[in-house]
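Structure first, then comments.
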Amino acid sequence: MQILPLSPDHADAAARLWAECGLTRPWNDPQADFRMAVSGPASQVLGALADDTLVGTVMVGHEGHRGWIYYLAVAPEHRGEGLGRTLVRAAEDWVESQGVPKVMLMIRAENDEVARLYEDLGYVDQGVRVLGRFLDEDLQRMREETAGG
Ligand SMILES: CC(C)(COP(=O)(O)OP(=O)(O)OC[C@H]1O[C@@H](n2cnc3c(N)ncnc32)[C@H](O)[C@@H]1OP(=O)(O)O)[C@@H](O)C(=O)NCCC(=O)NCCS
């Protein structure tokens, strides 16, 4: 198993994996998210490749002050082997290599199970509320009309 920075050629495989792992939402475009992350100077998507098949990802980026982890995903048939933890550690190494001292992540409210993985890796509640809004009204409406996530 290799963990490598992905290229735009992996966009389809990553979007498929994210859908399979329940990480996509109607108001997000996973392919656009992927392409922006792999083409920007302050972000990357790291992938776990088993014989050229993408079986895990983590998206990572920073704004100079904090690094952020997104799209942590492991294909169902490879779960429980430590790959999720390995990907988080690889994301942390990337953030550190950028000279950024802190890494953060958001967990969807309904995704309780994953909290244990992060807690085991030393992540603690930062006592902050995350607020947001779409600048595109159509996306905001879609978000409000779709239950969950
Ligand atoms: C979260 C995820 C990446 C973990 O991958 P993994 O390779 O199985 O992780 P590891 O083998 O390194 O660690 C397993 C740990 O993950 C945690 N975990 C997270 N989600 C879990 C789930 N749905 N079921 C069971 N354990 C889960 C457990 O604490 C487990 O610990 P254990 O092995 O001591 O029981 C994988 O379950 C996944 O892709 N889930 C769907 C997408 C997701 O929720 N991503 C996180 C967004 S914040």
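The basis for the numbers below is simple: all heavy atoms, side chains too, and nothing from hydrogens, waters or symmetry mates. Numbering of ligands and ligand atoms starts at 1, following listing order.
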For this session: Can you see which heavy atom on Ala73 is nearest to which on Leu23, and at what distance?
Result: CB-CD1, 3.8 Å
Seminar exercise, completed: Heavy-atom nearest pair, Tyr123 first then Val88, reads OH-CG1, 3.7 Å
Exercise. Purely on distance, is any nitrogen or oxygen of Cys21 under 3.5 Å from one on ligand 1?
Worked result: no
For this session: Indicate the atoms forming the closest heavy-atom contact of Pro101 with His65, along with that distance.
Result: CD-O, 3.7 Å
Exercise. Given Glu20, Arg79, Arg85, which has its nearest heavy atom closest to atom 14 (C) of ligand 1?
Worked result: Arg85
Exercise. Please state which protein non-hydrogen atom is closest to atom 32 (P) of ligand 1 and give its distance, to 0.1 Å?
Worked result: Arg116 NH2, 3.8 Å
Exercise. Relative to the ring of Trp27, is the ring of Phe134 parallel (under 30°), tilted (30 to 60°) or perpendicular (over 60°)?
Worked result: perpendicular
Exercise. Do Gln126 and Arg66 touch side chain to side chain, with heavy atoms closer than 4.5 Å?
Worked result: no
Exercise. Does even one non-hydrogen atom of Gly80 get within less than 4.0 Å of ligand 1?
Worked result: yes
Problem set entry | Close N or O approach (Leu23, ligand 1; < 3.5 Å) | no
Exercise. Quick one: does Tyr118 get a heavy atom under 4.0 Å from ligand 1?
Worked result: yes
Exercise. Name the one of Val74, Asp120, Leu72 that satisfies side chain to side chain contact (heavy atoms under 4.5 Å, CB included) with Arg85?
Worked result: Asp120
Exercise. Looking only at N/O atoms, are Asp120 and ligand 1 under 3.5 Å apart anywhere?
Worked result: no
For this session: Specify the protein heavy atom at minimum distance from atom 45 (N) of ligand 1: its residue, its atom name, and the distance to 0.1 Å.
Result: Leu72 O, 2.8 Å
Exercise. Is there a path of hydrophobic side-chain contacts, each under 4.5 Å between heavy atoms of I, L, V, M, F, W or Y residues, that connects Trp94 with Met1?
Worked result: yes
Exercise. What is the minimum heavy-atom distance between Pro30 and Thr24, and which atoms define it?
Worked result: CG-CG2, 3.8 Å
Problem set entry | Numbering as shown, the atoms of ligand 1 that approach Glu81 to under 4.0 Å (heavy-atom distance) | 11 (O)
For this session: Considering the heavy atoms of Val114, write down every atom of ligand 1 situated less than 4.0 Å from one of them.
Result: 1 (C), 19 (C), 20 (N), 46 (C)
Exercise. What atoms of ligand 1 come within less than 4.0 Å of a heavy atom belonging to Ala73?
Worked result: 39 (O)
Exercise. Are the side chains of Asn111 and Glu113 in touch, meaning some heavy atoms are under 4.5 Å apart?
Worked result: yes
For this session: Return yes when at least one protein heavy atom is under 4.0 Å from atom 19 (C) of ligand 1, and no when none is.
Result: yes
For this session: Indicate whether atom 26 (N) of ligand 1 is within a distance of less than 4.0 angstrom of some protein heavy atom.
Result: no
